[in-house]
2 protein chains.
Amino acid sequence: MTTARDLSPEKNEAILDGAMQEFLKHGYAGARIDKIVAAAGVSKATVYRHFPDKEALFTALIQRMAVRKEVFRLQNLQLFEKEPAIFLKKYATGMLDNVAGDPQVLTFLRMIIGESGRFPELARAFVKSIEKPSIDLLTQYLASHPSLQIADPEVAARAFIGTLIHFVLLKYVLHGEDIVPMERDRLLDSLLTLILSNTAQVQVSS
Amino acid sequence: MTTARDLSPEKNEAILDGAMQEFLKHGYAGARIDKIVAAAGVSKATVYRHFPDKEALFTALIQRMAVRKEVFRLQNLQLFEKEPAIFLKKYATGMLDNVAGDPQVLTFLRMIIGESGRFPELARAFVKSIEKPSIDLLTQYLASHPSLQIADPEVAARAFIGTLIHFVLLKYVLHGEDIVPMERDRLLDSLLTLILSNTAQVQVSS
DNA sequence: GTCTATATCAGGATAGAC
DNA sequence: GTCTATCCTGATATAGAC
C-alpha cells in the first residue's frame, strides 16, 4: 500500500547516473533520452515519472554534480600552516593533476560554460559551490600571512586561480598545447615568484 | 554558360550570416536548419548545395569568425611606447569593454568552449587566431621593458590575461556577479600592482 | 543554381496494461 | 510504480521542376 506518488530512490540514482554519461558526452541538446534510458536500465516512462521533462532531469543532474563536487575539488588539502610557496604549489599541483587526469572534469567544464547561456542557474550553482570556496580559501590563506606583504589578497587569489584556469582552458579544454606551449612547472614557479615577489626570497620545492 | 559547380558568393554570405545568428543562439545541436534558411532568405536546398551538411556549415562559420575576429579583438591598440602601467590598464580596459558590452562575444566564448570536445579543430583555430596573438603581444611588450624586472615575461603575460579571462568567465559568462563580487577597477589596479611590484612605484591612471 | 515538395527517420513525451 | 508500445512533431537531407 505505497502511496501513489512514491518513487524508487534506486531508480532515481540509476537514471541520474545514466544521464551523467549521456549529458557529459553530448551536451544538453545532443543528449538522447533513449540512451539515458538504456544506460540506466529503466524504461522511458520511468524517467518521465521521476522527472517532468528533459530540462528538469538535466538541471537535477548538474545540481547534484556541483553539490557533490564529483568533479573539480579544488579546495582540498587543508595544510594551512605550511610555508606559503609550498602550500601554493601543492594547491596548484593538486588542482592541475585532478583536472588533467580526468576527462570528465574537462567535459563538465565544457558543459557548464557551454550551457551557461541557456541555464544560468546551473552556472551560478557552479560558481557558488566550486569557484567561490576556492577563492575564499586562497584569499583567507594569503590574508593570514601578513609577512607576504600582499596588498589585496582577494585579487592575488583570483590572479592565482585565474592563471591556472586559463592554463587548463588553453592546454586541455581547447587543445592548444602545441599552439601555445608552456611547461607546467615553469608556469607554476614563475607564477609563484610573481605573486610572492615581495618576500625576501622565494623557495619553491615540492 | 556558367559551369555546373559555380555557387553564388552572395548567397554564401547570406547563409553564413543566418547561420551565425542561429548557432550563436542555440549552439550546434540546438540550431535548426529551418531557422537558418529563414534568416538567410534562401531555400533549404541552396544551403545544402553550398555546404555538404550541418557540420560543415558550422565549421565554416566558426573558422570565418575566428579569422575575421568578429569577436574578441583583444590585441588592438598599438600604443607600445607608453608607460607600462598605462599601457596595461588600457589594454585590459579595452578588452573588458569589448567583452562586457557585446553579448555576442560571450555567446561565442560559450560555444567555442562548449563545443571544443566535439570540434577540437575549431577550438584550436580560436587559440591560434585569438589567444596566441594576445599572449605574444603582451609577452613582447613586457620583455621589451627590462626596467620592469620581470623574470618570465610570458608567464606574466599569461597571468595577466588569465586573470582577465577568469574575471570575464565568473562575472559575465557564468553570471556570478553577486556570488563573487569584484569591482573591475579594483581588480585591475591590484593586478597591476602585483605584476609591476618590482618597479619603484606603480602609477595607475587612465 | 535555386526553388517547392517530400522522403525518411529519430526525438521527446504519453496511454494503458500489469 | 514500472513496463511495452505508440503518437506526433520536427529534424536533416534529397528529388525533380524551372
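Since the structure is predicted, the reported quantities are computational estimates derived from the model, not experimental observations. Reminder, nothing fancy here: chain letters follow the sequence lines and each chain counts from 1. For the numbers below, each heavy atom of this structure counts, side chains included, while hydrogens, waters and symmetry mates do not.
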| request: Measure the CD1-OG1 distance between Ile161(A) and Thr163(B) for me, rounded to the nearest 0.5 Å. | output: 10.5 Å
| query | Atom CD1 of Ile15(A) and atom P of dA13(C): how far apart are they, to the nearest Å? | reply | 14 Å
| note | With the side chain defined as heavy atoms from C-beta on, Val42(B) is closest, among dA13(C), dC3(C), dT2(C), to dC3(C)
| note | Quick note, Ser43(B) side chain, CB onward, closest among dT2(C), dT14(D), dT2(D) is dT2(C)
| request: Could you tell me whether Ala29(A) contacts a base, only the sugar-phosphate backbone, or nothing, with contacts defined as non-hydrogen atoms closer than 4.0 Å? | output: nothing
| request: Could you tell me whether the side chain of Arg124(A) and the main chain of Leu174(B) form a donor-acceptor pair under 3.5 Å? | output: no
| request: Answer yes or no: does a side-chain N or O of Lys11(A) lie under 4.0 Å from OP1 or OP2 of dC3(D)? | output: yes
| query | Which one, dA15(C), dG1(C), dC3(C), comes nearest to the side chain of Ala45(A)? | reply | dA15(C)
| Rounding to a whole Å, what distance do you find between Asp34(B):CG and dT12(D):P? | 7 Å
| said: Among dT4(D), dT14(C), dT2(C), which nucleotide has an atom closest to any side-chain atom of Tyr48(A)? | reply: dT14(C)
| Within this structure, what is the CZ-to-C1' distance between Arg49(B) and dA17(D), rounded to whole angstrom? | 13 Å
| Between His50(B) and dG1(C), does any side-chain N or O lie under 4.0 Å from OP1 or OP2? | no
| request: Provide, to the nearest angstrom, the distance between the NZ atom belonging to Lys44(A) and the P atom belonging to dA15(C). | output: 14 Å
| query | Between the side chain of Ser144(B) and the main-chain N/O of Tyr141(B), is any donor-acceptor distance below 3.5 Å? | reply | yes
| Given atom CZ of Phe51(B) and atom C1' of dT14(D), what is their separation to the nearest angstrom? | 18 Å
| request: Would you check if the side chain of Glu115(B) reaches a backbone N or O of Tyr28(B) as a donor-acceptor pair within less than 3.5 Å? | output: yes
| said: Which is more 5' along DNA chain C, the nucleotide nearest Pro52(A) or the one nearest Arg32(A)? Just name the residue. | reply: Arg32(A)
| Minimum-distance nucleotide to Thr46(A) side chain [options: dC3(D), dT12(D), dG1(C)] | dC3(D)
| message | Rounded to whole Å, how long is the line connecting atom CZ of Phe58(A) with atom C1' of dG12(C)? | response | 16 Å
| message | Distance check needed: dA13(D) C1' versus Leu57(B) CG, whole Å only. | response | 13 Å
| Measuring from Phe167(B):CZ to Leu96(B):CG, what's the distance to the nearest 0.5 Å? | 6.5 Å
| Once you round it to whole Å, what is the distance between P of dG10(D) and NE2 of His26(B)? | 14 Å
